[in-house]
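This report refers to the structure that appears directly beneath it.
Throughout, numbering of the chain's residues begins at 1 and tracks the sequence. Keep in mind that this is a model prediction, so the values were computed, not measured.
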Amino acid sequence: HSVVLLRYDPEQVQGMGVQEARFPTTAPVMSSVEPGDSLTMVGLDYNQHAFCLSVTCNSLGSFSLVLPSPPRFRDRNLEVISLGETIRGFGGIFIDEEGAMIA
């Protein structure tokens, strides 16, 4: 799931426009996203450059995987946002107008 805990020295990135990521105090509000909504996506492209892109939610759904054989770990309870645009990158997060993560 490409989860990263990043630590940096704020003095080393002064003047570069880097801001602290704000995480919600409760679970992200995925239920507030509906088809047709405009979302802001922040992520990394294939050249490892950060991007910020306005995208449209086409549909919402659940993602399920077949039972593996032999038995092993498998993700469950995954939600999927289908976008109207093609993203040329490794994915990212969706943020609200204040920059807080929503999905």
Shortest non-hydrogen separation from [X] to [Y] and the atoms involved:
| X | Y | value |
| --- | --- | --- |
| Ser59 | Pro35 | CA-CG, 4.1 Å |
| Phe51 | Ile87 | CZ-CG2, 3.8 Å |
| Ile93 | Met101 | CG2-SD, 4.1 Å |
| Gly92 | Met41 | N-CE, 3.5 Å |
| Cys52 | Val42 | SG-CG2, 4.2 Å |

Any donor-acceptor pair under 3.5 Å from Asp45 side chain to Asn47 backbone: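 Present.
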Is there a donor-acceptor pair closer than 3.5 Å between any side-chain N or O of Arg72 and the backbone N or O of Pro70?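 Confirmed, Arg72 side chain pairs with Pro70 backbone.
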Does the side chain of Ile81 come within less than 4.5 Å of Val55's, by heavy atoms?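 Heavy-atom side-chain distance check fails, nothing below 4.5 Å.
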What is the distance from atom [atom1] of [X] to atom [atom2] of [Y], rounded to the nearest 0.5 Å?
| X | Y | atom1 | atom2 | value |
| --- | --- | --- | --- | --- |
| Phe94 | Thr40 | CZ | OG1 | 9.5 Å |
| Asn58 | Leu83 | CG | CG | 7.5 Å |
| Leu39 | Leu53 | CG | CG | 10.5 Å |

